[in-house]
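Notes for the one structure printed next.
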Amino acid sequence: MQTNFIPIDYDSFDWQGRNYIKVIGRNEKGKRICVIDSFEPYFWAILKPNLNESQIKKLQEKVQKISFENAGRQVRILKTIVEEKNFLSQPVKAVKIFINNYKDAHPVADHLDLPEIDKRRDYDIPIITRYIIEKQLLPLNWYSIKGEVLDNSDDFGGIGKALDVDLCLKVDSITPLVKSNPASFPLITLKKSVSESEPIFQPKVLAFDIETEEFEIGKGEILMISLAGKNFQKVLTWKKCKKLPDFVECFKNEEEMLEAFVKYIKSYSPDILTGYFSDGFDLPYLRARAQKLGVKLSLGLDESQPSFSRGRVLTAKLSGITHVDLFRFIETAYSQYLQSETLSLNEVSKELLNEEKHEFGKQLKKGMTISTEEEWQNFFAYNLQDSVLTYKLFEKLWYDMSEFCKVIQEPLFNVTRNGMSQLVELYLLHNLIKFNEIPEKRPLHNEISERMTLGKYEGAFVFRPTPGLYNNLAIFDFTSMYASVIVTYNLSKSTFLEKKEKNALEVDLGKSKAYFSKEKGFFPALLEEIIKKRKQFKTEFKKSPSPILKARSNAFKLIANAAYGYQGFFGARYYCREAAASTAALARKNILEVIEKIKKAGYEVIYSDTDSIALLLGKKTKQNVLDLLKKINSELPGIMELDLEEFYKRGIWVAKRTGEFGAKKKYALLDEKGKLKIRGFETVRRDWCSLARELQNQILKLILNEGNEQKALEVFKKTVKELKERKIDKKDILIRTQLKKPLSEYKAISPHVIAARKMMEKNEPVNIGMLVEFYISEVRSEKEKKLVREKVKLPDEKGEYNIKYYLEHQLIPAVENIFDGFNINIKEIVDGKRQMKLGEF
DNA sequence: GCTTTCGCTGTACC
DNA sequence: ACTGGTACAGCGAAAGC
């Protein structure tokens, strides 16, 4: 039997003590297919150098004899093969040790503490990753599978009968159909367009969302569940209503609603079940209620219930259906491209889809109780809307997720949950084979602790600006600077040298020196490939824009940008502090040299941060600047590249609040199209009230656009007047701060902690990661209640805003140093006014 | 009892 | 614990006078 196949979901299982892999996917006709494949587990014992043939033979015999019991299995060595491999770019002899069950790899490795063996490796990589590397059955790529039909077979405990699939095959052979894996694309431009060369796969997706009585997991009842897919929208409830809209289905009780939920998912038969924060809320809640009510939540294709794993956060897995929590993906990989301050479904949908949640949600959040018929109707519509938005968001993000999947060669489930360091590591692991490299082990607990004690190394260079308003600027920046430094100078764990060697690169780290081999290491080599591919797909995208190309170029960019942080991350297999410190040091050296060159060419450099430089055009032309850029580029080492980011009409830098120095990481620019680029100012900080943020934004606009500080001053005075006349809306004076840890762990009791405590008292949900909202109110006696936290009130708490606080701690600080640049002293103006007012009496 | 300094905390930049 | 370092600024409490 032969079928075409695109793998989506991967799982492993044991049968008669051996490992098997179960891959669920589709064929080109949309039939659901399960592929069962064998897996031959092995790991490596790297030999000490200079062992002779007979010593190795003897060792192999010794290893073959190892036998013990582990977890009810008799562990035996199936065979051993000696191979020439590389480890950390050094040639080694290694014994490939085959065993029955991969779960025994670690215990067997522990039994191999022998004098002939230098290191044991490749026993600690997740089994699915190992399988994908071994068999090259890559996620979301098309294959032709030949195999034996298991549909009515009792093999593997009758898995073919038990699974809810159209076809179940035991693999005989796997043949790739198209070269659609971007990691293996040749570095030449593809002749065909993406859509021609790769059949686009659109998975069957079902989005869901629940509404509950209480926020605490399992505490209250689940009132309703909504589902949204292609041409499919439904709300399930058990709350009786007289007049139900078409999309609502009412059940006798919560149990029956849960059973119907399972039934609908089965009949829709999605590849992907998606939710928003469903790892942490919807699925745990469903599990808790199902348990309590004795309902089986058999969502898996094998009738299994969701399984939960506890990491830093809860993760919910279904068997055969990939559960995607969009929030997790957005948080790790996508949030840096978003303006949204909270990453709530509401805000993210607004930004990405230009659609808002139902108005009803806002009232609901305020703790309204549902009683009238109309309110229930609204509630149903609101619930459905959440699933619809989630479904649309999934569609919007699908290419980003699927391209990530293909680039990293890991299943969707992992790719949407792993952090950037893990993704970088997985990318490396999947590509080591090109270098005949044996993977490094994960650091042990003591190694991690050791690495953590080392503290920081010197990072980026930031230029201290002189406060002021500047005209006609250009900004240069290095493309993927740290990544290109790593590639150019060959900085990595495997190229790091303990001692100075002939021909080695010497990097000055201030207190010490680090040395690196000039022989290309696999880490810089892979990174170079990543950067080149990023460039290739970016160029291709510009030629023929498609969301796939954009997502693919973006995936490579994200990996490239995370590579530097990875080498400095204590949990990394290829951790190398010296490489990370050297990367930062050489980046500093390069940017300082370029700054010197720009100055020598007759320009004034006014700012620089890490990989960018701001300079004044002065009497030079744009063409002069471009020529200079060309000249600098011709002199840059390796693959390093300086780009023109943009020309700007005007820019402003301000002084620090304390001292007369210019503040770093705080500036605003106006480009030639009249667009503002604001960095670091309160305008872009979510922990300032919108009154202060909007005022600052207006003032920056007036000053940059028109150079009109007097008009800006009038705007300021007007706002102050409104504040004093209590004309400001409460929503504009709310301060939002994130709760970063459990309330009890705070050593410093700041205003937001008090606000959270107040919420606790009112039985409102208080979770880590949530944004706490509050305002500062007037108090009877400022003398008795001096501390800000003593004036904290929740948004719906009765009270008046504190005029003095908002003036002195929000409005003035937000604009003070901007006006300072024009020798306008805001404080004097405000104080002067106050005296005048007193005089009026 | 007031001012200065410092640690804690959150957020942003790259 | 789940990429890195740099920087600013508010708040509250300790330190300094």
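It should be emphasised that the depicted structure is a prediction, and the values quoted were computed from it without experimental measurement. In what follows, chains are A, B, ... by sequence order, proteins preceding strands, each numbered from 1.
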Query raised in the report: Base, sugar-phosphate, or nothing for A/Ile448, non-hydrogen atoms under 4.0 angstrom?
Result: nothing
Requested in this report: Say whether, by atom type as modelled, one donor and one acceptor occur between the side chain of A/Gln409 and the main chain of A/Pro139 under 3.5 angstrom.
Outcome: no
Query raised in the report: Is A/Lys666 near enough to C/dA9 that one of its side-chain N or O atoms lies under 4.0 angstrom from OP1 or OP2?
Result: yes
Query raised in the report: With sugar-phosphate meaning primed atoms plus P, OP1 and OP2, does A/Ala460 contact a base, only sugar-phosphate, or nothing at under 4.0 Å between heavy atoms?
Result: sugar-phosphate
Report task. With heavy atoms under 4.0 Å as the rule, sort A/Val424 into base, sugar-phosphate or nothing. Result -> nothing
Query raised in the report: Base, sugar-phosphate, or nothing for A/Tyr805, non-hydrogen atoms under 4.0 angstrom?
Result: sugar-phosphate
Query - Phosphate OP1/OP2 of C/dT3 contacted by A/Tyr574 side-chain N/O (<4.0 Å) - result: no
Requested in this report: Quick one: sort the A/Phe329 and A/Tyr334 rings into parallel, tilted or perpendicular, breaks at 30° and 60°.
Outcome: tilted
Query raised in the report: Side chain of A/Asp611: nearest nucleotide among B/dC14, C/dA9, C/dA7?
Result: B/dC14
Query raised in the report: Of the nucleotides B/dC14, C/dA9, B/dG10, which one has an atom closest to the side chain of A/Arg657?
Result: C/dA9
Requested in this report: Using a 4.0 Å heavy-atom cut-off across all strands, classify A/Tyr607 as base, sugar-phosphate, or nothing.
Outcome: nothing
Requested in this report: Report which part of the nucleic acid A/Gly571 touches: base, sugar-phosphate, or nothing (heavy-atom distance under 4.0 Å, all strands).
Outcome: nothing
Requested in this report: Select one nucleotide: of C/dG12, B/dC14, B/dA12, the one nearest the side-chain heavy atoms of A/Arg686.
Outcome: B/dA12
Query raised in the report: For A/Lys786, which contact category applies under a 4.0 Å heavy-atom criterion: base, sugar-phosphate, or nothing?
Result: nothing
Report task. May I ask you to say what A/Tyr457 touches in the nucleic acid, namely base, sugar-phosphate or nothing, with a heavy-atom cut-off under 4.0 Å? Result -> sugar-phosphate
Report task. Would you indicate which nucleotide in C/dG10, C/dG12, B/dG10 comes nearest to any side-chain atom of A/Thr737? Result -> B/dG10
Query raised in the report: Checking all strands, does A/Arg442 fall into the base, sugar-phosphate, or nothing category for heavy-atom contacts under 4.0 angstrom?
Result: nothing
Query raised in the report: Touch check for A/Tyr746, heavy atoms < 4.0 angstrom, all strands: base, sugar-phosphate only, or nothing?
Result: sugar-phosphate
Query - Interatomic distance, A/Arg130 atom CZ to A/Asp124 atom CG [nearest 0.5 angstrom] - result: 9.5 Å
Query raised in the report: Checking all strands, does A/Gly459 fall into the base, sugar-phosphate, or nothing category for heavy-atom contacts under 4.0 angstrom?
Result: sugar-phosphate
Query raised in the report: Which of these nucleotides, B/dA12, B/dT9, C/dG10, is closest to any side-chain atom of A/Lys747?
Result: B/dT9
Report task. Among the candidates C/dG4, B/dC14, C/dC11, find the nucleotide nearest to the side-chain atoms of A/Arg679. Result -> B/dC14
**Report entry** Distance between P atoms of B/dC8 and C/dT3 (Å, rounded)
**Finding:** 24 Å
**Report entry** Side chain of A/Glu458 (C-beta onward), nearest among B/dC14, C/dT6, B/dT9
**Finding:** C/dT6
Query - Side chain of A/Ala562 - closest among C/dC8, C/dG12, C/dT3 - result: C/dT3
Query raised in the report: Could you give the distance from CG (A/Asn590) to CE (A/Met640), rounded to the nearest 0.5 Å?
Result: 4.0 Å
Query raised in the report: Taking for each residue the nucleotide of DNA chain C bearing the nearest heavy atom, is the 5' side occupied by A/Thr610 or by A/Leu787?
Result: A/Thr610
**Report entry** Residues forming a side-chain contact (heavy atoms from CB on, under 4.5 Å) with A/Pro411, sequence neighbours excluded
**Finding:** A/Tyr10, A/Ile128, A/Ile132, A/Asn414
Query raised in the report: Looking at the side chain of A/Arg685, which of C/dT6, B/dG10, C/dA9 is the nearest nucleotide?
Result: B/dG10
Query - Backbone of A/Lys665 reached by a side-chain donor or acceptor of A/Tyr607 within 3.5 Å - result: yes
